[in-house]
Amino acid sequence: MQNLLHNLNPEQLAAVTLPAQNALILAGAGSGKTRVLTTRIAWLIQTQQVSPAGILAVTFTNKAAKEMLARLSAMLPINTRGMWIGTFHGLCNRLLRAHYRDAGLPQTFQILDSADQLSAIKRLLKSLNVDDEKYPPRNLMYFINNAKEEGLRAHEVEAYDDFNRRFVELYQAYDDQCQREGVVDFAELLLRCYELLSRNQPLREHYQGRFRHILVDEFQDTNNLQYKWLKLLAGDHNAVFAVGDDDQSIYAFRGANVGNMSAFEREFRVQNLIKLEQNYRSHGHILDSANTLIANNRNRLGKNLRTDAGHGEQVRVYEATSDLQEAQWIIEESKSLISEGWSRSEIAILYRSNAQSRVIEHALFTAGIPYRVYGGQRFFERAEIKHAIAYLQLMDNPHNDSAFLRVVNFPARGIGARSLEQLQDAARQHGLSLYAAVPHVAGKAGTSLGAFVKLVEAMRFETQNLPLQEMVKVMLEMSGLIPHYQTEKEGADRIENLEQLVSAAMLFVSEEGFGIDTPAFLGPKTQAVAGAPLLVSEDGTEVLDADAPLPAVMSPLSAFLSHASLEAGDNQAQAGQDALQLMTVHSAKGLEFEAVFITGLEEGLFPHENSAKEEGGLEEERRLMYVAITRARKRLYLSFSQTRMLHGQTRYNMKSRFFDELPEESLKWLSPKVQQHNWFGSPRKSAWDDAPESGANTIAQSFARKDLGWRIGESVSHQRFGEGVIVNIEGSGANCRAQINFGKHGMKLLDLNVAKLERVG
DNA sequence: CGACGACCCGTTTTT
DNA sequence: CGGGTCGTCG
């Protein structure tokens, strides 16, 4: 125990050793949040306040769950298998698998990822002859997911007008389709589980009685349904230990509700609120910048990070003339960091939106510096993998129409649109799945469709007693996927990926205990079963507690398919090599680097222009900036550019308002703030007017002399609107007007003969 | 049935 | 500008 607790600071120690009551831990960036969470669990177990089976720890990402498990295994000598540590979705999946009957699901229900969900919706709209111009599939998807995340079924959603009523009807139709096909989307996983526990009292009481300690990571990211789910499981007697940081709430756009933190404090009658404000990551100037910036937000729970690390270096600020030149500067700066001995993987280049990476990538590529971009396509999202998964899905549950349609004619077997139309008609007529409707189709179409059904049956029969990885191998051959890609000239990469799928299956079997004879499987898991009470299902049959070994609850194939949907796999293409790290600010959350570049700090980009329209949008952008700043340990660079190529045209942006919210004494302006003169003799606040970059040339060309001596790209000041940049000038003489970007005051069209503008510089 | 061209649109993302 | 989708040809 001494070991566990030593080296904790007083606040951390207080949090770890709190009594078994609800608690809210406000954990600032770099304050040792994960450490507190895992040490808390270890301490509870080691002091025998709870058995491993009494722990429920919830995270948002698989990565976080894995890390927690890994740290725990290092801390505790015991087997961690009895503990429930996972994502909201993973845990709900597990509960639904164990209690599929009570949840009203088929045993082999399958999980739709977002892409699957969207195509299911498109298919629905088509089958109902709905105009997808008027009801865009994407909007319907948002509508459905939002409703589900509020815990609302179609019949509970208020239809306030005809348009909205149609959405509600389509929501109902979508749920019916999913039920018919035996599939659930991500939000459904949570909602179905919530409904299961709220309707089924014995089940609810069983799990409430079991999970005496519920621990939640990244609490600020919970949505309303997750909050309700936690409240339900907590009941009146369990202790919820919620860890989060309201200042790092950056996912409101996908349903996260920061308000859950104060709601939690109130509704769970939190007596124990502990702030972790000691930062172990960043040097002083960096931390001061973060603190000063975030102090501009209202509605905070309130927190100020401190460090013992000393001031360190100032934050370096750079003004570029063009996005190209900004990229070049980043490369030069990185090069000198690297030559000073900084490791490439400890340097991160962050941007607000993915589109910004292009220029930087290009410059890095030209300079021959290895880099890695996060956020691309993930393993299980690749087309060939999706095809293979569809075959596996059909083998497990042939009524999955999405899977059926994906591969019924891939590789091509002469089943065209007209055959499928006949089949879909027959299915609708008889209320059957496509698979089941095949016998109702006559003629040539019926024959080829029948052959496909026979193929699926054969794959199922041939593989029924094989280990998972063999099953995948056989499927790849019998389905014709491998032969197909062998004849394709660009198929080599795809075959390689398909082979990786076999490896993934093998790895899954060994890690998840689906290797039937492994000692890990027979050991602690059987004990768990013996100790777990049998539960009586609503239909009177006995079912196992959901911590029965997974093979007792679902087949290896079902489990692997869940895994493929819930954990789409890594999205890092070129792993291994020491490379610069490129990513959006969002994906940088939770990571840290020695040196960080925050790029494109311009009005309209960061803060993003769309954020102005949203309620609380600017505050979320500011939190995003806060997250970005707090990623850096020792060195932080901030950069912006006067011009930027976006959507095929040059934009003239003002520097981000966030610069005005940073402490001046912590900043060091690299590009001198001196007035210089360009070719036209007009001043422009910049040190780079002679930069021979193409971006600068674009400006030069657009500097064709307009009337009254004003120029595109020039910085001006207006009595009411403050500082702005001239974006365009139209007309001439008495009719000369300028379009000016006044940043937070927006774009204005001003008559240059009337407006009182002053040059800035 | 596949290839190619017109056209549209453009934050952030995990499960 | 560039990626993705849709529709029309061969």
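Predicted model only: the values in this text are computed from it and were never measured.
For the pair A:Leu624 and A:Ala187, both in contact range of DNA chain B, the more 5′-proximal nearest nucleotide belongs to A:Leu624.
Applying the 4.0 Å criterion to OP1 and OP2 of B:dT15, one finds that A:Arg254 has every side-chain N and O outside that range. Checking the phosphate oxygens (OP1, OP2) of B:dT13, a side-chain nitrogen or oxygen of A:Asn354 falls inside 4.0 Å. Contact annotation: A:Asn62 does not reach the phosphate of B:dT14 (side-chain N/O to OP1 or OP2, under 4.0 Å). When the side-chain nitrogen and oxygen atoms of A:Arg378 are compared with OP1 and OP2 of B:dT15, one or more of them lie within a distance under 4.0 Å.
Spacing of C1' atoms, B:dT11 relative to C:dC6, comes out at 25 Å, to the nearest Å. Atom C1' of B:dT12 sits at a distance of 23 Å from the matching atom of C:dT5, rounded to the whole Å.
Annotation for A:Arg153: atom CZ counts as buried by contact number, over 12 foreign heavy atoms lying within 6.0 Å.
Taking the centre of each ring, A:His99 and A:Tyr207 come in below the 6.0 Å mark. For A:Phe109 and A:Tyr100, the ring centers are positioned 6.0 Å apart or more. Remark: aromatic rings of A:Phe659 and A:Phe640 are close, center separation under 6.0 Å.
The nearest whole Å value for the distance from the CD atom in A:Gln226 to the C1' atom in B:dT14 is 10 Å. Between the CG atom of A:Leu225 and the C1' atom of B:dT14 there is a distance of 15 Å, rounded to whole Å. Computed from coordinates, the A:Trp229 CH2 to B:dT15 C1' distance equals 13 Å when rounded to whole Å. Rounded to an integer number of Å, the gap from A:Ile250 CD1 to B:dT11 C1' is 12 Å. If you measure from atom CZ of A:Phe186 to atom C1' of B:dT13, you get 11 Å, rounded to the nearest angstrom.
Of the listed residues (A:Arg657, A:Arg352, A:Arg651, A:Arg644), just one forms a salt bridge (charged side-chain N to carboxylate O under 4.0 Å, His left out) with A:Glu602, and that residue is A:Arg644. Between A:His387 and the options A:Phe410, A:Tyr485, A:Phe380, a ring pair (Phe, Tyr, Trp, His ring centres under 6.0 Å) holds for only A:Phe410. With respect to A:Val216, the side-chain contact (heavy atoms from CB on, under 4.5 Å) criterion is satisfied by exactly one of A:Asn260, A:Val240, A:Thr59, A:Val243: A:Val240.
Distance check: A:Asn257 CG to A:Gln226 CD gives 10.5 Å after rounding to the nearest 0.5 Å. Rounded to the nearest 0.5 angstrom, A:Gln393 CD and A:Asp116 CG are separated by 6.5 Å.
Residues of residues 583-593 of chain A having a heavy atom closer than 4.0 Å to DNA chain B, listed by number: A:Thr584, A:His586, A:Ser587. Taken residue by residue, residues 605-615 of chain A places heavy atoms nearer than 4.0 Å to DNA chain B at A:His608, A:Asn610, A:Glu614.
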Set out, line by line, the N/O atom pairs under 3.5 Å between protein and nucleotides 2-10 of chain B.
from, atom 1, to, atom 2, distance (Å)
B:dG10, N3, A:His647, ND1, 3.1

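The aromatic rings of A:His563 and A:Phe560 lie parallel to each other, with less than 30° between the two planes, well short of the 60° mark. Ring geometry, A:Phe606 versus A:Phe658: the interplanar angle exceeds 60°, so the pair is classed perpendicular (tilted spans 30 to 60°).
Note on A:Asp113 versus A:Lys386: salt bridge recorded, some NZ/NE/NH1/NH2 to OD/OE distance being below 4.0 Å. A salt bridge is absent between A:Lys126 and A:Asp132: the closest approach of a Lys/Arg side-chain nitrogen to an acidic carboxylate oxygen does not fall below 4.0 angstrom.
Of the candidate nucleotides B:dT13, B:dT15, B:dT11, B:dT13 has the atom nearest to the side chain of A:Tyr251.
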For each nucleotide in nucleotides 2-10 of chain C, reading 5' to 3', give B when a protein heavy atom comes within less than 4.0 Å of its base, S when such contact involves only the sugar-phosphate, and - otherwise. SS-------
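Nucleic acid contact for A:Phe253: base, since at least one base atom lies under 4.0 Å from a heavy atom of the residue. When heavy atoms are screened at a 4.0 angstrom cut-off, A:Leu112 is found touching no nucleic acid atom at all.
One N or O donor and one acceptor, one from the side chain of A:Ser114 and one from the base of B:dT15, sit under 3.5 Å apart.
The side-chain contact (heavy atoms from CB on, under 4.5 Å) check on A:Ala187 picks up A:Asn145, A:Lys148, A:Asp185, with sequence neighbours excluded. Remark: A:Gln110 pairs with A:Asn400 by the side-chain hydrogen bond (donor to acceptor under 3.5 Å, both in side chains) rule, at least two apart or across chains.
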